[in-house]
Amino acid sequence: TEGLDEEAHVVVVGGGPGGSTLATLIAMRGHRVVLLEKEKFPRWQIGESLLPSTVHGICRLTGVADELAKAGFTKKHGGTMRWGSNPEPWTFSFSVSPRIANETSHAYQVERSRFDQILLDHARHMGVDVREQHTVVDVMDSDGRVRGVTYTDAEGTRGTIRAKYVVDASGNKSRIHQRVGAAREYSEFFRSLALFGYFEGGKRLPEPNSGNILCAAFDSGWFWYIPLSPTLTSVGAVVRRELADRIQGDPEEALTSLIAECPLITEYLQGATRVTEGQYGQLRVRKDYSYANTRFWRPGMALIGDAACFIDPIFSSGVHLATYGALLAARSINSVLAQAVDEDTAFREFEERYRREYSAFHDFLVSFYNLHVDEASYFWSAKKVTDSTGSELESFVSLVGGVSSGEAALATKQGLVQRYKSQSSEFAAAVDELARSAEPSILPLMRASVVKNAMQEGANEQIRAHLGSDIGPETPLFDGGLIASPDGLSWSPPA
Ligand code: FAD
């Protein structure tokens, strides 16, 4: 049957973290956004270990950060790695990055069915027209421009929505990504397979690291061990492509033998039982997940998240890249719809920033897979690929915390800046109060604006001292490029 023919400013395809974030950021500027999601939520998804840039940076911008904080997800303060030439596990903590404020120096380990539901419900709450069980079949285009989508709903009714922009956020199984007129290029380097499942009753790292992701390299690859709750653990083996036949047969046997190869994971799973029912009940395999599209946009259409690119499960960059791509695309769309920036300039900024972040992770991860060196060498690589002025360890933590780009919207210190500013105005008020009750002889001095200015400047110094020197007006990331608007939701020409 033929359904409706409707119109919107923007159609978003897919309600994962990329899609719901982008839809929210565009609806916040008052545009009509329809989000079409194939499944009925909650639905299972992999990608459970998150970064501070997502949960405190982008989720603060969309307004969902406080709700996430209340959801009771495991707090992840960093990572613990049995990796490289060091035989002992080593731990990094997000708090080492000068771009991550103390009270935000954690991320969450999330059950994606709940996390994605919270973000999608929030999008609805912010005015996005969310429709589940709507599968996008194709995009409509004419005269070199994408102009909408065709979909089928749960009853099999076909409909069309015409729109100024279509954003493909439909993940790795996207059927429409090639409609930007480019192809996915698969990585020659990251050609691994992942085999994963869930366990009840696994061991935890000692405090304060019990919420950390644990990664353990062994001969055939490496394991992730993600504490989703005090008792539930997500466990996955990432194995080299040449060993594919090891997991072709019975997955249960394959996982058991891989675990037996890795003493640390064997120890942590002693006495644990594999979950065999519900959303966590099956063992799953993923392969061919490392790729990038050769273009991220064309007139009327953009790709974000796994529809655009994904590198590798190590260091949890997937949801970070999806939500960061969402922010960049939303800024471009908001700017063009407001006729503030022309389409070509706005979307070049989107693609350049997105690729820069992708490349930083990609190039760093290539060096991270060299297992013959120790962590000092990994930290050095992070400093090199991010071109950072900080120490090697700081550069590493900023990169794997998702804040190496220097984007104010991601650097979780912004919340702290606000706090210092309000503290300094409280301080100024206290000076006023003191002036009222002070000795008449010092009154003129107390009232002089120079004192207040000095105090204000002192507060700014304090901010700089705590947060590093790079606090101040945004500068373009690229020559002749754009900067984020003060609210972070669109682009402005540089001052
Ligand atoms: P998705 O989360 O895939 O959401 C896409 C949505 O689009 C889905 O809900 C889907 O139902 C919907 N959809 C699909 N087709 C259509 C259609 N035609 N019409 C309408 N809707 C549609 N990332 C991390 O951050 N941390 C990790 O620890 C991590 N571990 C990983 C481990 C493995 C083995 C792999 C392969 C990936 C891992 N990732 C991790 C990556 C992470 O899973 C993804 O990067 C992330 O889920 C991408 O989010 P997204 O919003 O782009 O897409």
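When a ligand or atom number is given, it counts from 1 through the structure's own listing order. Since the structure is predicted, the reported quantities are computational estimates derived from the model, not experimental observations.
Side-chain contact check for Glu394 and Ser97: no donor-acceptor pair (N or O, by modelled atom type) lies under 3.5 Å. With 3.5 Å as the limit, one finds no donor-acceptor pair spanning the side chains of Thr150 and Thr160. Side chains of Tyr198 and Gln279: no donor on one and acceptor on the other come within 3.5 Å.
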| field | Trace of the salt bridge (Lys or Arg N to Asp or Glu O under 4.0 Å) decision for Arg331 with Glu407 | value | CA-CA 13 Å; Arg331 282 180 184 164; Glu407 279 260 8; 3.2 Å; yes
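Contacts of ligand 1 (protein heavy-atom distance under 4.0 Å) are Val13, Gly14, Gly15, Gly16, Pro17, Gly18, Leu36, Glu37, Lys38, Glu39, Phe41, Arg43, Gln45, Ile46, Gly47, Glu48, Ser49, Arg112, His134, Thr135, Val136, Ala169, Ser170, Gly171, Ala194, Trp224, Arg286, Tyr289, Gly305, Asp306, Phe310, Pro313, Ser316, Gly318, Val319, Ala322.
For residues 244-259, the salt bridge (Lys or Arg N to Asp or Glu O under 4.0 Å) pairs, not counting sequence neighbours, are Arg246-Glu261, Glu252-Arg274.
With Asp288 as reference, Arg241 is the one residue of Arg241, Arg184, Arg191 to meet the salt bridge (Lys or Arg N to Asp or Glu O under 4.0 Å) rule.
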